[in-house]
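Notes to accompany the following structure.
Naming convention: chains lettered A, B, ... in sequence-line order (proteins, then strands); numbering from 1 in each chain. As a basis for the values below, the full set of heavy atoms in this structure was taken, side chains included, without hydrogen atoms, waters or symmetry mates.
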2 protein chains.
Amino acid sequence: MDTSSSARHTPETRSRILDAAEGLFVEHGFEATSMRMITSQAGVNLAAVNYHFGSKDALIQEVFRRRLTDLNRQRLAMLERLESEAGGAPLKPSRIVEAFFGTALAMAADTEHGGHTFMRLLGRTYTEPNAFVRQFLAEEYAEVLERFLGALYGALPDVPREEILWRFHFMMGAMSYAIAGTDALQLFAGKFDDADPARMLPRLMSFLLGGLRAPLPDYTGLAVKARRGGREAA
Amino acid sequence: MDTSSSARHTPETRSRILDAAEGLFVEHGFEATSMRMITSQAGVNLAAVNYHFGSKDALIQEVFRRRLTDLNRQRLAMLERLESEAGGAPLKPSRIVEAFFGTALAMAADTEHGGHTFMRLLGRTYTEPNAFVRQFLAEEYAEVLERFLGALYGALPDVPREEILWRFHFMMGAMSYAIAGTDALQLFAGKFDDADPARMLPRLMSFLLGGLRAPLPDYTGLAVKARRGGREAA
DNA sequence: GTCTATAAGTGGATAGAC
DNA sequence: GTCTATCCACTTATAGAC
């Protein structure tokens with residue numbers, strides 16, 4: 001944000017800190033990453049973080065804002081292009097899904113400029129315990145989420161909105177694991193022969209669309225009251 | 001609350017600590033949860049954790065082991081029952097998926113004995129940065145994962161194993177978000193009208209099976225280079 | 001803008017009384 | 001097994017020199 005001409009002498013310190021923080025947050029999480037780790041990784045002085053960002057929390061926020069603004073702008077632009085091309089007609093669900101998740105996967109495929117690192121971080125942060133981070137993320141996402149859900153409601157008029165909502169949520173979970181799984185997860189470690197990022201998009205898209213267009217669930221036979229305790233053996 | 005006023009003997013100190021830790025880990029994460037928070041929530045002395053478990057890391061491990069052993073035993077028992085019922089014939093994919101994810105959702109529906117709390121924690125922990133936690137989880141899951149993947153390979157002989165592997169991974173992501181989403185996520189906050197846990201199983205199952213049985217992705221037009229590990233699927 | 005030094009506080013872990 | 005009192009490594013954040 002600081003664009004004063006006198007600050008020209010150290011133009012990199014800010015972004016060096018952001019890059020270092022991004023990488024360390026992915027590797028260790030927010031709490032386990034100390035200011036000392038960040039500044040030493042970035043090759044800057046310990047006090048620089050507080051000078052440039054004010055606090056650790058503000059730094060975390062800026063790590064997300066810097067990339068998320070761009071990602072969500074891309075998403076909205078893509079959706080608007082689809083809508084103007086369709087000229088009032090309902091969009092194909094596959095195009096909507098691709099506009100939302102394809103942009104994310106494109107960013108995740110960029111290993112050179114930190115996009116991959118960031119998307120791993122983002123995927124995990126949806127379920128982040130830190131309340132302030134979740135709150136901030138929800139605000140950053142509010143508009144784009146509203147727009148894409150609205151587009152899906154229009155594209156799938158026969159599917160109850162509640163189901164679309166849940167399925168969109170499931171899709172976000174699948175995507176997070178898709179990105180995390182290529183290198184972060186130990187669970188499937190050594191099992192994947194083919195983790196080519198270029199194949200991830202068609203791979204994930206098939207799965208997502210299959211799930212989105214699946215037959216609606218059958219709720220008949222469910223007790224009205226929620227059952228609890230899975231212990232029972234019929 | 002206080003059961004005995006005379007003797008401060010608390011034979012259940014261990015489990016009180018485990019319960020408190022489980023809840024606080026979900027709410028704040030491992031790093032942000034201090035021993036002092038845990039012991040004060042459990043109503044026991046600070047030193048009790050180190051006496052009973054040895055260290056904070058060992059406590060974390062025990063929080064998982066206590067429930068995961070049971071969950072995975074249920075899963076394997078369910079799978080074995082399916083296999084013995086089928087008598088050598090290949091299983092239906094839907095039954096396999098239900099055996100794995102249905103047991104997890106049943107545990108997540110149990111809000112009274114902490115199952116719900118634990119499943120939220122578990123879902124997040126697959127992508128946990130803490131290496132020691134991930135490693136431990138991978139070991140706990142090794143057998144059950146091997147067995148269920150094998151069953152799916154047999155049930156879907158025409159689908160390349162690599163695709164099944166990825167899709168299973170996607171399914172786990174969807175399930176994690178399904179469980180987390182009912183109360184942890186802020187992103188969709190206020191949007192869900194119907195978060196009835198009893199409806200979650202059919203809801204999620206439709207999505208998962210739709211994704212698992214989706215048409216295979218079309219890789220034509222993608223560059224074949226940049227593959228690692230070298231094994232080519234025929 | 002960058003640095004050193006330090007303040008003010010929290011973390012996990014333990015020794016030793018009971 | 002449970003408790004108190006404590007150790008000290010390590011945290012974020014800041015004051016003030018350059």
Side-chain angles (χ1 to χ4, degrees), chain A residues 1-25 27-64 128-133 136, chain B residues 1-25 27-64 128-133 136:
Chain A
M1 283 306 178
D2 189 351
T3 50
S4 65
S5 43
S6 62
R8 268 286 190 228
H9 211 268
T10 53
E12 296 178 355
T13 300
R14 248 186 90 93
S15 50
R16 289 173 63 86
I17 291 172
L18 288 170
D19 290 341
E22 191 172 65
L24 288 165
F25 287 157
E27 205 171 341
H28 303 107
F30 300 119
E31 298 278 347
T33 302
S34 69
M35 304 281 247
R36 280 169 176 81
M37 289 163 74
I38 295 168
T39 50
S40 96
Q41 168 100 351
V44 303
N45 187 272
L46 171 62
V49 170
N50 274 306
Y51 177 80
H52 284 279
F53 300 96
S55 71
K56 186 183 179 182
D57 273 2
L59 169 63
I60 295 177
Q61 204 156 329
E62 182 59 18
V63 164
F64 283 95
E128 167 70 27
N130 185 323
F132 129 80
V133 176
F136 165 72
Chain B
M1 305 302 173
D2 197 346
T3 50
S4 71
S5 49
S6 58
R8 225 42 179 114
H9 295 285
T10 47
E12 79 259 7
T13 297
R14 254 185 84 93
S15 48
R16 290 173 61 86
I17 292 173
L18 288 170
D19 289 342
E22 191 171 65
L24 289 165
F25 287 158
E27 206 172 340
H28 303 106
F30 300 120
E31 297 278 347
T33 302
S34 69
M35 305 278 250
R36 284 166 177 84
M37 287 162 74
I38 295 168
T39 50
S40 98
Q41 168 100 349
V44 303
N45 188 273
L46 170 62
V49 170
N50 274 308
Y51 177 81
H52 284 279
F53 300 96
S55 71
K56 186 182 178 181
D57 273 2
L59 169 63
I60 294 176
Q61 204 156 330
E62 182 59 19
V63 164
F64 283 95
E128 166 71 27
N130 185 324
F132 128 81
V133 176
F136 164 72

Throw together a table of side-chain donor-acceptor distances under 3.5 angstrom for residues 46-64 of chain B, partners on residues two or more places apart or in other chains.
{"residue": "B/S55", "atom": "OG", "partner": "B/A58", "partner atom": "N", "Å": "3.2"}
{"residue": "B/K56", "atom": "NZ", "partner": "B/F30", "partner atom": "O", "Å": "2.9"}
{"residue": "B/K56", "atom": "NZ", "partner": "B/T33", "partner atom": "O", "Å": "2.7"}
{"residue": "B/E62", "atom": "OE1", "partner": "B/R65", "partner atom": "NE", "Å": "3.1"}
{"residue": "B/E62", "atom": "OE2", "partner": "B/R65", "partner atom": "NH2", "Å": "2.8"}

Which residue lies more 5' along DNA chain D, comparing A/G54 with A/M37 via nearest heavy atoms =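 Here A/M37 is the residue nearer the 5' end.
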In terms of the nearest nucleotide of DNA chain D, which residue is placed more toward the 5' end: A/A32 or B/A48?
->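 Of the two residues, B/A48 wins.
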Using a heavy-atom cut-off of under 4.0 Å over every strand shown, decide if A/T39 touches base, sugar-phosphate, or nothing.
->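 Contact class for A/T39: none.
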Within the structure shown, what part of the strands sits under 4.0 Å from A/A47 by heavy-atom distance: base, sugar-phosphate, or nothing?
->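 Answer is base: heavy atoms of A/A47 come under 4.0 Å of a base.
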Counting side-chain heavy atoms from C-beta on, which of [options] comes nearest to [X]?
X: A/S55; options: C/dA13, D/dT11, D/dA13; answer: D/dA13
X: B/M35; options: C/dT2, C/dA13, D/dG1; answer: C/dA13
X: A/N50; options: D/dA13, D/dC3, C/dG1; answer: D/dA13
X: A/H52; options: C/dA5, D/dT6, C/dT2; answer: C/dT2
X: A/Y51; options: C/dT2, D/dG1, D/dA13; answer: C/dT2

Tell me whether the OP1 or OP2 atom of [N] has a side-chain N or O from [X] closer than 4.0 Å.
X: B/T13; N: D/dT2; value: yes
X: B/S34; N: C/dT10; value: no
X: B/N45; N: D/dG1; value: no

Whole Å only: how far is the [atom1] atom of [X] from the [atom2] atom of [N]?
X: B/F53; N: D/dG1; atom1: CZ; atom2: P; result: 12 Å
X: B/N130; N: C/dG12; atom1: CG; atom2: P; result: 13 Å
X: B/R16; N: D/dG1; atom1: CZ; atom2: P; result: 16 Å
X: A/I38; N: D/dT11; atom1: CD1; atom2: C1'; result: 12 Å
X: B/L59; N: C/dG11; atom1: CG; atom2: P; result: 15 Å
X: B/L46; N: C/dA15; atom1: CG; atom2: P; result: 14 Å
X: B/R36; N: C/dT14; atom1: CZ; atom2: P; result: 13 Å
X: A/R14; N: C/dT2; atom1: CZ; atom2: P; result: 12 Å

Heavy-atom distance under 4.5 Å between the side chains of A/H28 and A/M37, does that happen here?
->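 Yes, side chains in contact.
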Do B/I17 and B/T39 have side chains that get closer than 4.5 Å, going by heavy atoms?
->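 No. Closest side-chain heavy atoms not under 4.5 Å.
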Which distance, rounded to the nearest 0.5 Å, do you find between the CD of B/E22 and the CG of B/L24?
->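 Taking CD in B/E22 and CG in B/L24, the distance rounds to 10.5 Å.
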Between CD on residue A/Q41 and CD1 on residue A/I38, distance to nearest 0.5 Å =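 So the CD of A/Q41 and the CD1 of A/I38 are separated by 9.5 Å.
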